[in-house]
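Structure record follows, encoded as structure tokens.
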Amino acid sequence: MKAINQRQEHTGSYYAATANEITDYPVLEGAKSADVCVVGAGFTGTATALSLAERGYSVALVEANRVGWGASGRNGGQVINGGIGLGSLRKKHGNGIAKIVQDLRWRGNDIIRERVSKYDIQCDFKSGFMEVATKPSQVRYLDECAEDRESHPSEFAYEVWDREQTRDMLGTDAYHGGFVCYRDGHVHPLNLCIGEARAAHNLGVQIVEQSPVTAITHGKRPRVETAHGYIEADSVVLAGNAYSQFEPKHLSNLVFPAGSYIIATEPLDDEVAISINRKDVAVCDFNEVVDYYRLSADKRLLYGGACNYSGRDPKSIKSFILPRMLKVYPQLKNVKIEYEWGGKVGIVLRRMPTVGRINDNVYYCQGYSGHGVCPTHVMGEVMADAVTGTLERFDLFADMNHFRIPGSQWFGNQIIALGMLYYKLKDRLP
Ligand SMILES: Cc1cc2nc3c(=O)[nH]c(=O)nc-3n(C[C@H](O)[C@H](O)[C@H](O)COP(=O)(O)OP(=O)(O)OC[C@H]3O[C@@H](n4cnc5c(N)ncnc54)[C@H](O)[C@@H]3O)c2cc1C
């Protein structure tokens, strides 16, 4: 990882190449003040800032690089309700709390839909997300998905596809069936993040870019320090997630950065695009180490997966991901790959975001284990509630004990890599 004060432009992704605007907010200079200072302008930070601005608070949003520079501007764009695991929660806290969290899972989808419409954000939002079974033993998950949707009725339809329908809809024989949910969907994530930041800015949020925060001076009004200026605020929200290097005493050993990678083909002919995804849905398999893909608005196949827990990016992302794509779509072997990129996801062993407070007025929220597009929006609302004094939902998450791996600043990724080897082997079993 680059040093904390090295500023960077966007990675060479398809998203950066098709961004509605390359944001150019000023660098933080001199002394500023706000009710709340949010550090990190990914979805967590931007959603928190926007929620607070909508409630009339004065907010500063400080980004080391550019709005959406981190995972939020690089991801698979799958707008899915997952990412908050319920099994262990139910065991430990009972059905009541599990139900609250289950309701919250869907809140993220609703917030995104509301904001896209309210602020007229041009981000290619589409309904439809499909989970696919790569082996017979996963077919039972399709019924479980249907039961989950039944327990949460909504105006959005869902469909269960058998092997033949799945083959017909996705143009591949790779799957044994699929579950499609139209409450979920897909999006150009960088344009969503940029649009939300623009909406926040229009509501008065002071956004600064290219301003890495170097330290927090704690106190009654904590001070957020950068190279050329600082912001004092009543509360601070740390939202740097897998890219953050803050407060090691409190935050180290909780979130492990892992790499996930995507390639984008050249635009496909219309017939080819339709033949591999008739309903234009986002697709993700049920494996522990997932493959995920979707068509972009200009009909490229964006194919991602293969989380890398070693802490080192592959030399060639294309060589790493392309074989996975061709295993599902051998018919695309002559299609050109025009973009390849990766980003860091924050893995948490419990698969629930880690949330907490340092000295009462510095809050943090991080760790979505690769499924953050919707949960970040939920947590933005939860963080906004918390800093404005409503701690009910915040405490729910903050009270969950998260595992720390002692010494993980040295061994953490190796330990995770070892753990993931187990899951990779499990994925290969029939
Ligand atoms: C390749 C990839 C594919 C993914 N696919 C999906 C998907 O399809 N669906 C899904 O739900 N999730 C997906 N995810 C996960 C999802 O993108 C993340 O969970 C989510 O974007 C996290 O948002 P965030 O705001 O917490 O963190 P980030 O988006 O990483 O933002 C953190 C921000 O903080 C800034 N920052 C860090 N330190 C400082 C500092 N010192 N000073 C100022 N700013 C700082 C960074 O520059 C960065 O902009 C994917 C992730 C990756 C990498």
Side-chain angles (χ1 to χ4, degrees), residues 1-8 10-11 13 15 28 37-49 61-84 108-109 112 129 184-187 189-190 192-193 196-197 208-216 224-227 237-247 255 257-263 282-284 290 292-294 302 304-308 313 317 321 340-348 353-354 364-377 379-380 383:
M1 190 182 285
K2 297 221 174 189
I4 203 165
N5 53 1
Q6 269 181 285
R7 309 156 187 188
Q8 295 175 61
H10 284 292
T11 187
S13 69
Y15 299 128
L28 176 60
C37 179
V38 181
V39 179
F43 284 139
T44 304
T46 306
T48 304
L61 178 59
V62 187
E63 168 54 47
N65 304 294
R66 296 272 169 221
V67 167
W69 174 90
S72 301
R74 308 173 185 215
N75 60 61
Q78 309 217 341
V79 179
I80 49 181
N81 84 86
I84 299 182
N109 302 48
I112 291 172
F129 163 65
D184 291 325
H186 56 104
V187 76
L190 181 57
L192 174 61
C193 197
E196 291 179 307
V208 291
E209 292 184 317
Q210 301 282 296
S211 305
V213 173
T214 48
I216 309 283
V224 174
E225 316 264 5
T226 69
V237 177
L238 301 179
N241 202 2
Y243 290 94
S244 183
Q245 300 172 325
F246 270 124
E247 301 288 342
V255 169
S260 188
Y261 305 96
I262 302 180
I263 54 177
V283 182
C284 183
V290 294
Y292 52 90
Y293 57 90
R294 67 188 189 90
L302 309 188
C307 243
N308 180 346
D313 288 339
I317 291 170
I321 300 291
E340 51 185 311
W341 70 95
K344 288 191 195 314
V345 298
I347 302 288
V348 178
T354 63
Y364 60 87
C365 179
Q366 56 184 8
Y368 304 93
S369 303
H371 288 75
V373 174
C374 289
T376 46
H377 286 78
M379 297 319 288
M383 300 313 282

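Numbers here simply count residues along the sequence, with the first being 1. Atoms within a ligand are numbered from 1 in the order they appear, just like the ligands themselves.
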At under 4.0 Å between heavy atoms, which part of [X] makes contact with ligand 1: side chain, backbone, both or neither?
| X | result |
| --- | --- |
| Q366 | neither |
| N75 | both |
| V39 | side chain |
| Y243 | both |
| Y292 | side chain |

Only heavy atoms count here, so choose which of [options] is nearest to [atom].
| atom | options | result |
| --- | --- | --- |
| atom 14 (N) of ligand 1 | G380, P375, P257, G370 | G370 |
| atom 32 (C) of ligand 1 | A239, G68, G40, C284 | A239 |
| atom 23 (O) of ligand 1 | P212, S72, S13 | S72 |
| atom 42 (N) of ligand 1 | T44, V213, T11 | V213 |

- If you look at every heavy atom in N109 and V79, which pair is closest and at what distance? ND2-O, 4.0 Å

- Within 45° of the axis and under 6.0 Å from the centre of the six-membered ring of W69, does NZ or CZ of R74 qualify? yes

- Message: Checking side-chain polar atoms at under 3.5 Å, does Y261 have a donor or acceptor matched by the opposite partner on D313?
- Response: yes

- Message: Angle between ring planes, F43 versus H377, binned at 30° and 60°: parallel, tilted or perpendicular?
- Response: tilted

- Item | Point-to-point distance, once rounded to the nearest 0.5 Å, from CG of L28 to CG of L61 | 11.5 Å

- Of all residues at least two apart in sequence or in a different chain, which pass the salt bridge (Lys or Arg N to Asp or Glu O under 4.0 Å) check with R294? none

- Message: E340: which residues meet the salt bridge (Lys or Arg N to Asp or Glu O under 4.0 Å) condition with it, sequence neighbours left out?
- Response: none

